[in-house]
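In what follows, chains are A, B, ... by sequence order, proteins preceding strands, each numbered from 1. Below, each value reflects all heavy atoms present in this structure, side chains not excepted, and no hydrogens, waters or symmetry copies.
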There are 2 protein chains.
Amino acid sequence: MRITAKADYAVRAAAVLAAAVPGVPVKGEAIATAQHIPLNFLENILRELRRAGIVRTQRGADGGYLLAVGPETVTVADVIRAVEGPLAEIQGERPEQLHYDGAATALADVWIALRANIRSILENVTLGDIARGQLPESVQMLVDDPDSWKARIR
Amino acid sequence: MRITAKADYAVRAAAVLAAAVPGVPVKGEAIATAQHIPLNFLENILRELRRAGIVRTQRGADGGYLLAVGPETVTVADVIRAVEGPLAEIQGERPEQLHYDGAATALADVWIALRANIRSILENVTLGDIARGQLPESVQMLVDDPDSWKARIR
DNA sequence: ATGATCTCAACAAATTTAGTTGACAAAGTG
DNA sequence: CACTTTGTCAACTAAATTTGTTGAGATCAT
C-alpha cells in the first residue's frame with residue numbers, strides 16, 4: 001500500500017494552485033521549486049491533471065497553471081485517480097470484481113471494507129482543506145489520536 | 001494504493017492454514033492448488049511467513065505448513081507486514097516521517113489519517129475471521145453499505 | 001536408503017516508477 | 001513581424017519492483 005512519488009507530487013502541486021490567488025496563473029517552475037519537484041516530471045503530471053479537468057493552463061509569458069474549478073470541489077481522491085487510476089486495486093483488479101475460493105472467500109469483503117475506509121479519508125479532504133491547513137473534523141480526529149502516529153514494529 | 005499479488009497470496013495461504021485442522025500440516029501443493037497460486041512463488045512467501053513467526057513447517061513425508069499461533073491472534077496486517085513491510089508508505093517513507101512545505105503542509109496529516117483508517121480494517125480482521133467467514137461488526141458494516149461497492153467512475 | 005517435502009540462493013522476464021530530452025505550439029511584448 | 005516565455009507532447013531511458021522460475025540441497029518418516 002504505497003503512495004507513489006507521482007501521486008504525492010500531484011496532490012502537492014494541486015495544493016499550491018489551491019492556495020494561489022484565484023485567476024492568476026502559477027508558473028510550473030514556481031510550483032517545482034516551492035515543492036522540490038523535478039520540473040519536467042511535474043509538467044507531465046500537470047498535463048494529466050488538465051486532461052482530467054482539474055487544472056487549466058495559460059501559455060506564453062505570464063502564463064502558468066490554475067485550478068479549473070473551486071478548491072473546495074476537488075478532493076485528494078480526484079487528484080490521485082487522475083494520475084494513477086483507481087484508488088485501491090488488488091492484483092490490478094477492482095475490489096468488487098474479485099472472487100476467492102474456499103478458506104479465502106471472505107477476503108473479498110475485507111478488500112471492499114479497506115477501500116471504503118481509504119475513500120472515507122481521501123474523498124473527504126479537498127484541496128481547499130489542505131491549502132487552508134484545516135482538515136475535516138472526522139479526519140482531524142484521527143490525526144489527534146496518538147495511536148495514529150505510532151510506527152508498528154514488525 | 002495497490003495490494004500486490006504477493007500480499008494477496010500471503011493472506012489467502014494463511015487463511016487456508018487457519019481453516020485447517022489444528023496440528024495437521026498442509027502441503028504447499030495443497031495450498032497452491034486450492035488458491036491457484038504458483039507453487040514456487042508460494043514457497044517463497046510461506047518461508048517469509050515462517051521467518052515472521054506466523055507459520056511453522058514440518059519437513060519430509062506428511063510434512064507441510066501450519067500456523068505457528070492461534071488463528072485469532074494473527075491479523076491481516078501482520079501477514080502483509082511480514083511479506084511487504086510497512087502497511088502504508090509515501091515515496092518509501094513512513095507517514096510520520098514526512099514534512100511538507102508551504103501549501104502542502106497539511107498533507108502530512110492526511111497521510112497519517114489515511115494510514116490510521118487502513119489499520120482500522122487490516123489490524124482488526126484476523127485469519128480466524130476470514131477462515132470462519134465472519135468479519136468483525138465494524139468491518140461488516142462497511143461491507144453492507146451499498147456505497148462501498150460502487151466503482152467511482154473517473 | 002529412499003522418497004516426499006521444505007530451504008535457499010540465484011536468476012530473469014515483465015512491468016512500473018521516476019524521470020529526461022528535444023522538437024513544437026501558443027501567447028504576449030516590442 | 002521577430003522574439004521570448006511558457007506550456008505540449010511523444011519518445012526515450014535507467015532503476016526498482018513485481019512476479020515469478022530453476023536447481024541444488026537439507027531434513028524427516030518409514
Got a sec? Which of residues 11-21 of chain B come in under 4.0 Å of DNA chain D, heavy atoms?
-> none

What is the distance, rounded to the nearest whole Å, between atom CG of B:Leu42 and atom P of C:dC6?
-> 9 Å

Gap between atoms CD1 and P, on B:Ile80 and D:dT18 respectively (whole Å) | 13 Å

Backbone of B:Thr75 reached by a side-chain donor or acceptor of B:Asp78 within 3.5 Å = yes

Check the distance between C:dT17's P and A:Arg2's CZ and give it to me in whole angstrom.
-> 7 Å

Pick base, sugar-phosphate or nothing for A:Arg56, based on heavy-atom distances below 4.0 Å to the nucleic acid.
-> nothing

Considering residues, nucleotides and ligands other than B:Gln91, do more than 12 of their heavy atoms fall under 6.0 Å from its CD?
-> yes

Do we see a donor-acceptor contact under 3.5 Å between the side chains of B:Ser148 and B:Asp145?
-> no

In whole angstroms, the gap separating P of C:dG19 from CG of A:Leu46 amounts to 14 Å

Nearest to the side chain of B:Asn40, which nucleotide is it out of C:dA18, C:dC8, D:dT21?
-> D:dT21

Determine whether more than 12 heavy atoms belonging to other residues, nucleotides or ligands lie under 6.0 Å from atom CD of A:Glu137.
-> no

In chain order, what residues pass the side chain to side chain donor-acceptor pair (under 3.5 Å) check against A:Glu72, with sequence neighbours excluded?
-> A:Thr126, A:Arg132

Going by distance alone, is a donor N or O of one side chain under 3.5 Å from an acceptor N or O of the other, for A:Ser138 and A:Asn124?
-> no

Respond yes when some side-chain nitrogen or oxygen of B:Thr4 is under 4.0 Å from OP1 or OP2 of D:dT17, and no when none is.
-> no

Is B:Asn117 reaching over with its side chain to a backbone N or O of A:Asn117, donor-acceptor style, under 3.5 angstrom?
-> yes

Using a 4.5 Å cut-off on heavy atoms from C-beta on, say whether the side chain of A:Glu96 contacts that of A:Arg115.
-> yes

Is B:Tyr9 near enough to D:dT19 that one of its side-chain N or O atoms lies under 4.0 angstrom from OP1 or OP2?
-> no

Between the protein and nucleotides 1-5 of chain C, which nitrogen or oxygen pairs come in under 3.5 angstrom?
{"residue": "C:dT5", "atom": "OP1", "partner": "B:Lys27", "partner atom": "NZ", "Å": "3.0"}
{"residue": "C:dT5", "atom": "O4'", "partner": "B:Gly60", "partner atom": "O", "Å": "3.4"}

What's the CZ-P distance between A:Phe41 and D:dC12, to the nearest Å?
-> 19 Å

Let me check something: any side-chain donor-acceptor pairs from residues 44-68 of chain A under 3.5 Å, sequence neighbours excluded? List them with distances.
{"residue": "A:Asn44", "atom": "OD1", "partner": "A:Arg47", "partner atom": "NH2", "Å": "3.1"}
{"residue": "A:Glu48", "atom": "OE2", "partner": "A:Lys6", "partner atom": "NZ", "Å": "3.0"}

Which listed nucleotide (D:dG20, C:dT17, C:dT7) is nearest to the side chain of B:Arg50?
-> C:dT7

Without hydrogens or angle criteria, can the side chains of B:Asp109 and B:Tyr100 be said to hold a donor-acceptor pair below 3.5 Å?
-> no

How long is the gap from CZ on B:Arg2 to CZ on A:Arg2, to the nearest 0.5 Å?
-> 9.5 Å

Roughly how many Å is it from CZ in B:Arg47 to C1' in D:dG25, rounded to a whole number?
-> 12 Å

Let me know the distance between CD of A:Glu48 and P of D:dA10, rounded to the nearest Å.
-> 12 Å

Please produce a list of atom pairs where a protein N or O lies less than 3.5 Å from an N or O of nucleotides 10-14 of chain C.
none

Whole-Å distance between D:dT19 C1' and A:Glu89 CD?
-> 16 Å

Exercise answer: donor-acceptor pairs, residues 30-39 of chain A side-chain atoms, under 3.5 Å, sequence neighbours excluded:
{"residue": "A:Thr33", "atom": "OG1", "partner": "A:Glu29", "partner atom": "O", "Å": "3.2"}
{"residue": "A:Thr33", "atom": "OG1", "partner": "A:Ala30", "partner atom": "O", "Å": "3.2"}
{"residue": "A:Gln35", "atom": "OE1", "partner": "A:Arg12", "partner atom": "NE", "Å": "3.1"}
{"residue": "A:Gln35", "atom": "NE2", "partner": "B:Asp101", "partner atom": "O", "Å": "3.0"}

